[in-house]
Each structure stands twice: as structure tokens, then as C-alpha cells.
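Okay, handing you the structure first.
The figures that follow rest on heavy atoms only: side chains count, while hydrogens, waters and symmetry mates do not.
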Number of protein chains: 2
Amino acid sequence: MTRDPKRTRPDAPTRTTLSRAYIAAVALALVDDIGRDRFSMRKLGAELGVDPMAVYRYFPDQEALFDGIAEALFTELDVDTLPWDGPWHDMAGQYHRRLRDTLLAHPHAVTIFATRPLRSPAAIDAGTRMIGQLTAAGIDAADALRILRCLREFTVGHALNLAVLQLGARRRSRKPRPDSAGYNALAYAADQAETGDHFDLGLTALLAALPH
Amino acid sequence: MTRDPKRTRPDAPTRTTLSRAYIAAVALALVDDIGRDRFSMRKLGAELGVDPMAVYRYFPDQEALFDGIAEALFTELDVDTLPWDGPWHDMAGQYHRRLRDTLLAHPHAVTIFATRPLRSPAAIDAGTRMIGQLTAAGIDAADALRILRCLREFTVGHALNLAVLQLGARRRSRKPRPDSAGYNALAYAADQAETGDHFDLGLTALLAALPH
DNA sequence: AGTCCATGTCTACAGTGTAGACACGCCCGG
DNA sequence: CCGGGCGTGTCTACACTGTAGACATGGACT
């Protein structure tokens, strides 16, 4: 089961005190390990080597901690290294591909990311920069936001769908054999289409049909 | 707060015994009222006028009950009345618009729907019918599945995003005034773009760029 | 030296999902 | 007619959850 027994867990920064970022990173690693539903503040405390209540000095409640996890995922995107100077199609394409890859690297955390708005300064800053790049290309600001929302919603929906399928397949393991009665056109198509290889199809379709 | 004090709750079918469908419908109504996080089996039992443990005669656990809620949402789509005989663009367009409308009518239940695969017979049947309509139009089965996945992922991602924004706005109520420092290009664009009116943009873009 | 405050700890409480034994009504073979 | 099974709802109990509130402690600053 644990393919990677020594799962990478962020090292404590010489263990002086806790910090929001460190707690969020450990919480993310714990969610990666055991999933959101098995996650608990007590287990997080144990993982931190600290009383569970200590976390509440840094986050008002579990919901805020999950906001922190979403933030940690966002910083993993490293948006500063995007092509902010080229055509916006390149920037947007790369950004959403990175978003997809990052989310799929944390399948257990995708629902956490997908179910809350990201309002951290870094995220807002990236959003404004994107809007700016589109308006610089002659696109109305409102249209720019619409376009970016479409791309983002497709990407997040895609990652969420894949994560759900992948995690659900683990416990069900129901794949009808080609000779069984349940093997219909849908199952046949699913056999042909590798799961997840349609992301580029949708992304390029969206980019192609939207204004340049 | 409760704009609609007498919230429509499905009538008991002359109250002989419970049933999976009835329990799922009441659970959905309860989630609509109080949200998924405040939902509990005990409250569901109270709403049903029955011991909480009675539900476990019909669903093995809460997760299975939520599967039932997702099923209830799917049946609300009434897929039989889709234009199964016309061009598949019409069928797919109408289907995903209905899906969006239904999900937005249950903002508190969107996360439940989005975070589990739908494997009910009705859903599988609808899926195979859709695949069939696309292959009848000369599209390879694997490509048909890819196309449908793109559309579905965009739609679900969209509904999830809107639900999250709408529900989050209720508790935060943070909308920067135009004269404040936090009013940047993103906030300006958000003021211009009505939330949610970009769905047609993305859907038609996807349909236009995909094979006919 | 004394005060304050940030940080971590402890206890406690209300509420959760659900396992397992129990009670009651209906149906059906004798 | 009966008696027993069985489907359905009930009750109790347990391990576990998030988190409020009081407490300890150690270093920093006056």
C-alpha cells in the first residue's frame, strides 16, 4: 500500500516555533497520506509532535487550516516563472497545465482546493497580472475575467474528476471484463480513451475558440 | 434568514415504510437547508421522524447516502426529454445546461455531486446513449468519451466554482469599494462581469472547437 | 528584578458515525 | 388457527471529533 514508505514530509525549520506555512505544509502531507476524511486535528498534532490545540494559535479553525492548504498548493505553482511577457495564450496554457499537474500530484487534496475560493494575496496578485496581460492584448477586462474563469473551471473540474475516479477505483475495483454483460459502449470507450488524456483536447479547444 | 419558511420537503408516500429514494430526497432537502457540514445522520433522522439508525437499513453508511443524493440530483435532470434524435451538439448543449441549472439550484449539494463518480444504472445508461449518438455521427468512441468528459468537467467545475463563491460571499461579505486600496484590475473586472454569465461562452467555445 | 506576552498544554464538553442487541408487526407454511 | 421467521425501526454504547477556556512556561523588554 505505502509505495513510498518514507513519504517526504517538510523538515521543521530547526524547530524553534511553529508557523502557518509549516503547519499547512505538514497538514497537506498528512492529507496526501491518509485523505481528507481520515484527517483530524489530533493526527495533525501528533505529526507535528505537538499538542493538537497548538494549531489553533495559528488558524482559527479547521476551515481556515484548509484555506492554508489551498494556499500551499497555489504557491507550489510557482507562478513567477510563467511567461508573463509573451502572448497570453502561452501564459494561460502553461498556467493551467501546471495547475492540473500540481492538483493531480495531490489527489487527496484536490477537493480541498476545489471547494474554497482562493483569496490569498499571492493568488489575487496572480489574478490581476493575468487580467493585465489579457487587457494589454486588447481584451476587455470583463471578457478577460470570463475567459480565465472558463479555463480555470475546466481545469479544476478536470482534476477533480480524475482524482475522484482514481480514488474511487481503488476501493471498488470494478472494471467489467469485455465478455461480461456490463461491457457496453461506455466501457469500451473508457478502455480506449486513456483516463486524463483529454485535458489538452479541452484546453486547446477553449483557447482556440476564445478571442486572441 | 429563512426566506422560505415552509421549505418544500418531499411528502412521505403515505408513510408505510421508508425507501431509498425517499430518504435520499429528504437528505437532499436537508443539505439544501443547512449545508453539508451541518448535516448529520441524527438531524436526518429527526427530519424523517424516525430513529437515526433506521437509515442504515437502506444505506450502508453516510458515504452511500451521499451517493444516493447525487443520484437524486441526476434524476432531476430528466434526461429522457433530451433531443436524442437531433444533432449531438444540441443534445450535449441542452444536457450540460440542464446540469448546470440543476446544480446551481442546489448550491449546498454541488460538492456532494462533484466529489463522487456517478455509477447508477440511469447514469450509465445515459452515458452509453450519449456515446451512441456521437458515434452515430461518425465520431470514434474514444474521442466521443473524451469530448463528453471535457464538457462535463467544465460544467461541474463551473457549478462548483459558482456555488463556492456564492456560499463564501455570504459569510465574508467582502467586496472592496471602488475607492479603496484593494480595488484593483481584478475587482474591477469582477464588477463588470456578472458572475456566472461566462458559462455559455465556455460551453459554446468547447462545442465549436470540437469535431462536428 | 519584575512584568508581559507569545506559545504550547491540559481538561472538558457537546456532538459525530455507526456496531450490535433488542422489540414489534406482518406474512406464510403447518 | 397458530407459530415462527423476517423485515423494519429502536435503543444503547463506544470510539472519536472540533474546539472553548483555563493554565504553564520561558524569553524579551523596561
Side-chain angles (χ1 to χ4, degrees), chain A residues 9-31 33-70 108-109 111-112 115-116 167-168 171, chain B residues 9-31 33-70 108-109 111-112 115-116 167-168 171:
Chain A
R9 174 173 319 128
D11 298 340
T14 62
R15 264 324 294 280
T16 58
T17 66
L18 265 37
S19 74
R20 281 179 58 92
Y22 176 63
I23 293 175
V26 173
L28 173 56
L30 184 54
V31 167
D33 271 1
I34 65 178
R36 182 198 181 142
D37 45 349
R38 293 191 188 279
F39 174 92
S40 81
M41 301 302 271
R42 284 166 162 89
K43 288 177 187 165
L44 174 59
E47 208 76 9
L48 288 164
V50 109
D51 189 281
M53 290 304 290
V55 173
Y56 288 89
R57 296 277 174 202
Y58 298 86
F59 296 92
D61 56 9
Q62 197 183 60
E63 205 61 21
L65 171 64
F66 287 166
D67 289 350
I69 290 182
H108 272 125
T111 69
I112 293 179
T115 55
R116 69 200 62 243
L167 265 41
R171 87 194 59 185
Chain B
R9 176 175 317 128
D11 298 341
T14 62
R15 264 322 295 278
T16 59
T17 66
L18 266 36
S19 75
R20 280 179 59 92
Y22 176 63
I23 292 176
V26 173
L28 172 56
L30 184 54
V31 167
D33 271 2
I34 65 178
R36 179 194 183 148
D37 45 348
R38 294 190 187 278
F39 174 92
S40 81
M41 301 301 270
R42 286 168 162 85
K43 288 176 186 166
L44 174 59
E47 208 75 9
L48 288 164
V50 108
D51 188 280
M53 290 303 289
V55 174
Y56 288 89
R57 296 275 173 205
Y58 298 86
F59 296 93
D61 55 10
Q62 196 184 60
E63 205 60 20
L65 172 63
F66 286 166
D67 289 351
I69 291 181
H108 272 125
T111 69
I112 292 179
T115 56
R116 71 199 64 242
L167 265 42
R171 86 195 58 185

Can you say whether a donor on the side chain of A:Arg42 sits under 3.5 Å from an acceptor on the base of D:dG18, or the other way round? yes
Are OP1 or OP2 of D:dG9 and a side-chain N or O of B:Tyr58 less than 4.0 angstrom apart? yes
Whole-Å distance separating the CG atom of A:Asp37 from the P atom of D:dG18: 12 Å
Quick one: A:Asp51 CG to D:dG18 C1', roughly how many Å, whole number? 13 Å
Which nucleotide sits closest to the side chain of B:Arg57: D:dT10, D:dG18, C:dT18? D:dT10
Does anything in residues 38-67 of chain B pair up under ring pair (Phe, Tyr, Trp, His ring centres under 6.0 Å), and if so which pairs, sequence neighbours excluded? B:Phe39-B:Phe66
Residue whose closest nucleotide on DNA chain C lies nearer the 5' end, B:Met53 versus A:Val55: A:Val55
If I take atom CZ in residue A:Phe66 and atom P in nucleotide D:dT19, what distance separates them, rounded to the nearest angstrom? 10 Å
Starting at atom CZ of A:Arg36, determine the distance to atom P of D:dT17, rounded to an integer number of angstrom. 15 Å
So, do B:Leu18 and B:Arg57 sit near enough that their side-chain heavy atoms are less than 4.5 Å apart? no
Of the nucleotides D:dT10, C:dT7, D:dG18, which one has an atom closest to the side chain of A:Thr17? C:dT7
Given DNA chain D, 5'-ward residue of the pair B:Pro52 and A:Glu63, judged by closest heavy atom: B:Pro52
Rounded to the nearest angstrom, tell me the gap between atom NZ in A:Lys43 and atom P in D:dA15. 16 Å
Taking the side chain of B:Ser40 as its heavy atoms from C-beta onward, which of C:dT16, D:dT8, D:dT19 lies nearest to it? C:dT16
Starting at atom CG of B:Leu44, determine the distance to atom C1' of C:dG15, rounded to an integer number of angstrom. 16 Å
In whole angstrom, what separates A:Met41's CE from C:dG15's P? 20 Å
Contact check, side chains of B:Leu65 and B:Met41, non-hydrogen atoms, under 4.5 Å: yes
Tell me which nucleotide among D:dG9, D:dG18, C:dG17 gets nearest to the side chain of B:Ala54. D:dG9
Quick one: B:Arg38 CZ to C:dT16 P, roughly how many Å, whole number? 11 Å
Which of these nucleotides, C:dT9, D:dG18, C:dG17, is closest to any side-chain atom of B:Gln62? C:dG17
Any non-hydrogen side-chain atom of A:Leu44 less than 4.5 Å from a side-chain atom of A:Ile23? yes
Within the 4.5 Å heavy-atom criterion, are B:Lys43 and B:Asp33 side-chain neighbours or not? no
